[in-house]
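Scope of the values below: all heavy atoms of this structure, side chains included, with no hydrogens, waters or symmetry mates. Whatever order the structure lists ligands and atoms in, that order sets their numbers, starting from 1. One is the number of the first residue; the rest follow in order along the sequence. In this text the structure is predicted, and so the values were computed from the model without any measurement.
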Amino acid sequence: MSLTEINKRRTFGIISHPDAGKTTLTEKLLLFGGAIQSAGAVKNNKIKKTATSDFMEIEKQRGISVATSVMAFNYKGKQINILDTPGHKDFAEDTFRTLTAVDSVILVIDVASGVEAQTERLMEVCRMRKTPVIIFINKLDRDGKESFDLLDELEEKLMIKVRPLTWPIGMGDRFKGVYNIYKEELNLFSPNKTGIADDIQSLSDLNSKELDEKIGTDAADELREEIEMIEGVYDPFDREEYLKGDIAPVFFGSAVNNFGVQELLNAFCEISPSPIGRDADTKRVEPTDDKFSGFVFKIHANLDPKHRDRIAFLRIVSGKFQRNTFYNHVRNEKKMKFPNPTSFMAQDKSVIDEAYPGDVIGLYDSGSFKIGDTLTEGEKFNFKGIPSFSPEIFMELENLDPMKNKQMNKGIKQLMDEGVAQLFIQQPGNRKIIGTVGQLQFEVISYRLEHEYGAKCRFMPKNYFKACWITSTDNEKFEQFKRAKARYIALDKDKHIVFLAETPFLLQMAEQDYPELSFHKTSEFMLEE
Ligand code: G4P
């Protein structure tokens, strides 16, 4: 396996609370990579907060995001793969799954809003997976929280140590630029929404008079004081700690003005990990392993009903992927080859002949993939770690046209394979309980069932608070629990038992009454066994 190909790749995700500037930053990174020529070229693929019932709009946006949710470009000899994630909380599950396919993450924070709810949840997933995180504090051209306070807030709410590698000089109207602590360079700010020229000057001696001349004595003194404080309070940056996910380097800037972005990108290229291996059920697979393997972390339906094909997004873990070569679909025990695998260089989808670890490729598929599927060169193993999280909204699905039962079942199966929502089956009567993290999914489901499968449905709200996966050290107690709580027991897609708890109190009671049982809010624990 070619080490050069592996070492030059960087596959990462950009995450943020909506509106922090993820799309803007992505666009600027592409600009630096020469993947686009001017700002504004990347279509906005985010789902606006205001979209509640306009599912046509959602669908349209989903359509656009097929092209833009993976973007590859070359920069300074590296091949960089950006995996975009929807910021909208209703699509959090999609974001969590995308995070299984990246090797590191850039987290964007709005300097005025600080850490928001969605940021905390996303960070939880990064912590769980020990994903290295770089933090970009955005919108320094506006007034926001004081930098030291913000760093404290990051440490406290995100539960990770931080280490500033650049430092802002003022903010809002008084924003003069950033000092690059890491490179000992001064970068003076001039608003620039389209170009990529930053005014970077080397300035290793902060005590030189030059600094006073450039930014004024007051700002210079303040900067000196603050840098001294940083060096006193924070340990020197240690790349190994970052790679272990124990410390997050912090950068400041303004994405829309293209400021501080190049420092971020340069440091990213220098410190972020090249493709790393993944655990499978029977072994650890390293990128350097000779044989090809990969897993599907995302599936996009083709929204044109005349073309039912879908695109499965596959992250390559090891070996070399080749076009028109037979690979083993482990779950289906089936050989498959792909005549038109695509790469995602910026906005273009183009057919590729080969791809390497870290790459994400699109495979056209007529329904044989589901999220989490493993492809290998023949070996039988499955990658672990595509967790299901407990949904937050539950509805029972009712088929409005019994003559269309078959279509309904087919549609539901396909939508669940795509990961649109989670299905729990309850007895008696094989009742279908659909669980999601957001209301939007129910609209997507009923719209797609009707338009793609010709089946009409209705949803009846179920008053559940969480679905918990159960493990037990005592079989008898487990059986006893299942009998006692039969009305609240269901099976998930893998036929694992879940407890549908109606309230936090009832869950707490169950935990107290059955200490032999463990109740898990993600299915990840199963994969760790
Ligand atoms: P998201 O993908 O995280 O949801 O955020 P997005 O990039 O769309 O940015 C959200 C808003 O914040 C946009 O304004 C964008 O222009 C603005 N923004 C991004 N970076 C900066 C920055 O460094 N400084 C300032 N002041 N604003 C920034 P919008 O009004 O929602 O949209 P638009 O019409 O400007 O595109």
Exercise for review: Give a yes or no on whether a salt bridge exists between Lys244 and Glu240, defined as a side-chain N under 4.0 angstrom from a carboxylate O.
Suggested key: no
Check your understanding: Which atoms from ligand 1 have a heavy atom of Pro18 less than 4.0 Å away?
Key -> 4 (O)
Point to revise | Under-4.0 Å heavy-atom contact with ligand 1, by part of Asp19 that carries it | key: both
Study note, to complete from the structure: Atoms of ligand 1 under 4.0 Å from any heavy atom of Ser16, numbered from 1 in the order shown, are 3 (O)
Check your understanding: Below 4.0 Å from any atom of ligand 1, is there a heavy atom belonging to Asn257?
Key -> no
Review point. Should we count CG of Asp218 as having more than 12 external heavy atoms under 6.0 Å?
Key: no
**Study point:** Lys/Arg N to Asp/Glu carboxylate O, Asp221 vs Arg224, below 4.0 Å
**Key:** yes
Point to revise | Residue part near ligand 1, for Leu25, under 4.0 Å between non-hydrogen atoms | key: neither
Review point. Which bit of Lys22 gets closer than 4.0 Å to ligand 1, counting heavy atoms only: side chain, backbone, both or neither?
Key: both
**Study point:** Within-cut-off N or O pair, Leu140 and ligand 1, under 3.5 Å
**Key:** no
**Study point:** Check: Phe175 ring centre within less than 6.0 Å of Phe189 ring centre
**Key:** yes
Review point. How does Ser254 reach ligand 1, by side chain, by backbone, by both or by neither, if only non-hydrogen atoms under 4.0 Å count?
Key: both
**Study point:** Under-4.0 Å salt bridge between Glu443 and Arg448
**Key:** no
Point to revise | Asp84 bridged to Lys22 by N-O distance under 4.0 Å | key: yes
Exercise for review: Answer yes or no: does an N/O atom from Gly253 fall short of 3.5 Å to an N/O atom of ligand 1?
Suggested key: no
Review point. Cationic tip of Lys298 within the cone over Phe313's six-membered ring, i.e. under 6.0 Å and within 45° of the normal?
Key: yes
